[in-house]
Amino acid sequence: MDAEPTATTPPVFLVDVVPPGERFTLDGEEARHAVTVRRTRVGELLVVSDGAGELARCAVEAVRAGRDAELDLVVEERWTEPSPALRVTVVQALAKGDRGELAVELATEAGADAILPWRAARSVARWDDGPRGAKALARWRSTARAAAKQARRAYVPEVGDPVTTARLADRVRTADRAFVLEAGVPGRLATESLPESGELLLVIGPEGGVTAEELRTLREAGATPVRLGPTVLRTSTAAAVALGALGARTARWN
């Protein structure tokens with residue numbers, strides 16, 4: 001049956017598809033994590049999610065440990081969580097070290113619906129199109145998945161392939177609204193009009209800032225430069241702060 005989730009927050013485990021029926025078995029990496037890391041026991045509650053809005057709260061009926069760990073689950077309730085009417089895509093400039101992954105983690109916990117890596121001109125990190133770039137992208141996707149589980153989110157944000165500024169400008173043209181966070185500009189996110197539905201792009205520059213040429217390109221495509229406040233935020237924290245402001249100003253946190 002479809003029902004609203006309860007106020008409890010049991011741990012979330014991700015599967016490709018939430019199985020039908022009153023009982024099913026959780027196996028694979030998620031089951032091994034439940035048994036060996038979380039030490040899940042019979043009678044405990046957990047939530048199984050497909051990361052796309054379908055969830056099932058389950059009671060653990062049996063636990064089998066070992067390399068091929070499994071959990072037998074009894075479904076107590078199922079529900080579908082709708083996606084927000086206003087979807088926010090965070091366009092995150094590539095950052096050096098683990099700051100990019102931190103940015104993805106914080107943005108996911110703050111509610112980003114999608115994350116788009118951006119090859120900005122001043123990005124110190126450079127993802128090539130070979131194995132190294134694929135490995136870096138995989139780390140961002142793994143980070144988003146883990147952060148969504150930690151935050152008990154029904155949706156795991158999709159992390160897209162990295163884009164150039166020209167490709168980003170194309171995305172700006174198709175979005176319902178787009179903002180570029182930039183210190184020192186007169187516009188403020190707190191006073192800008194926001195759409196009630198559709199897609200909003202939130203562009204976060206690298207540690208060295210957005211270049212004048214990039215800002216001009218994005219403005220001509222329809223983006224609005226805005227600042228959050230009087231201080232300068234790190235690229236790893238700016239998206240999370242902006243998402244908090246958007247959550248308070250829209251129905252996303254209802």
Side-chain angles (χ1 to χ4, degrees), residues 1-90 101-115 137-160 197 239-240 243-244 247 250-254:
M1 67 176 180
D2 291 338
E4 291 296 323
T6 63
T8 58
T9 56
V12 173
F13 295 89
L14 293 172
V15 295
D16 292 335
V17 177
V18 179
E22 296 181 355
R23 285 178 166 80
F24 62 88
T25 298
L26 179 68
D27 57 13
E29 183 61 34
E30 292 292 81
R32 286 191 292 273
H33 180 78
V35 174
T36 62
V37 178
R38 299 196 64 92
R39 300 187 181 279
T40 303
R41 298 291 182 260
V42 172
E44 292 184 13
L45 296 177
L46 57 82
V47 170
V48 175
S49 170
D50 65 354
E54 298 295 327
L55 306 100
R57 189 179 69 161
C58 308
V60 179
E61 188 175 46
V63 177
R64 289 180 289 280
R67 183 175 180 180
D68 298 321
E70 292 181 329
L71 298 177
D72 290 338
L73 305 176
V74 178
V75 177
E76 293 194 344
E77 62 177 335
R78 296 175 180 270
W79 71 94
T80 300
E81 188 166 315
S83 59
L86 179 62
R87 288 175 47 83
V88 178
T89 295
V90 171
E101 291 165 45
L102 178 59
V104 171
E105 178 182 17
L106 295 178
T108 299
E109 292 177 356
D113 298 295
I115 298 169
L137 180 58
R139 286 198 300 268
W140 277 35
R141 288 171 172 165
S142 177
T143 298
R145 180 182 174 93
K149 290 171 60 176
Q150 176 66 30
R152 312 296 200 263
R153 288 191 56 179
Y155 288 84
V156 176
E158 177 184 357
V159 179
S197 61
L243 283 161
T250 66
R252 286 172 54 85
W253 283 0
N254 286 353

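All residue numbers in this chain count up from 1 along the given sequence.
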**OP:** Please step through side chain to side chain contact (heavy atoms under 4.5 Å, CB included) for the pair D16 and D50, ending with a clear verdict.
**Re:** CA-CA 5 Å; D16 292 335; D50 65 354; over 6 Å; no

**OP:** Output yes when a side-chain donor or acceptor of R57 lies under 3.5 Å from a complementary backbone atom of E77, and no otherwise.
**Re:** no

Subject >> Considering all heavy atoms, the nearest R64-V35 contact >> reply: O-CG2, 4.4 Å

**OP:** May I have the step-by-step check of side chain to side chain contact (heavy atoms under 4.5 Å, CB included) for D27 and D68, ending in yes or no?
**Re:** CA-CA 7 Å; D27 57 13; D68 298 321; over 6 Å; no

Original post:
Minimum heavy-atom separation for A112 to P157, with atom names?
Top reply: O-CB, 3.4 Å

Original post:
Do V159 and L137 pass the side chain to side chain contact (heavy atoms under 4.5 Å, CB included) test, and can you show the C-alpha distance, the side-chain angles, and the key distance before you say yes or no?
Top reply: CA-CA 8 Å; V159 179; L137 180 58; 3.9 Å; yes

Subject >> Side-chain (R252) to main-chain (L86) donor-acceptor, under 3.5 angstrom >> reply: yes

Subject >> Over 12 foreign heavy atoms within 6.0 Å of CD, E61 >> reply: yes

Original post:
Can you tell me how far the OG1 atom of T80 sits from the CG atom of L55, to the nearest 0.5 Å?
Top reply: 8.0 Å

Original post:
When rounded to the nearest 0.5 angstrom, what distance separates CD in E105 from CD1 in I115?
Top reply: 10.5 Å

Subject >> Smallest separation among heavy atoms of G160 and R141, with atom names >> reply: C-NH2, 3.9 Å

Original post:
Could you give the distance from CG (L73) to CG (L46), rounded to the nearest 0.5 Å?
Top reply: 5.5 Å

Subject >> More than 12 heavy atoms from other groups under 6.0 Å of CD on E29 >> reply: yes

Original post:
Are F24 and V48 close enough, and set up right, to give a side chain to side chain contact (heavy atoms under 4.5 Å, CB included), and what steps lead you there?
Top reply: CA-CA 11 Å; F24 62 88; V48 175; 3.9 Å; yes

Subject >> Any pair counted as salt bridge (Lys or Arg N to Asp or Glu O under 4.0 Å), so long as it reaches residues 148-158, sequence neighbours left out >> reply: E30-K149

Subject >> Check: Y155 side chain, P84 main-chain N or O, donor-acceptor pair, under 3.5 Å >> reply: no

Original post:
Quick one: SG on C58 to CD on E76, what's the gap to the nearest 0.5 Å?
Top reply: 8.0 Å

Subject >> Any pair counted as side chain to side chain donor-acceptor pair (under 3.5 Å), so long as it reaches residues 33-47, sequence neighbours left out >> reply: none

Original post:
Taking D113 for the side chain and T89 for the main chain, is one N or O donor matched with an acceptor at less than 3.5 Å?
Top reply: no

Original post:
For R87 and A114, which heavy atoms make the closest approach, and how far apart are they?
Top reply: NH2-CB, 4.1 Å

Original post:
Can you name the nearest heavy-atom pair linking T143 to E101, along with the distance?
Top reply: CG2-O, 3.3 Å

Subject >> S142 side chain to A138 backbone, donor-acceptor under 3.5 Å >> reply: no

Subject >> Nearest heavy atoms of T108 and A148, plus distance in Å >> reply: CG2-N, 3.5 Å

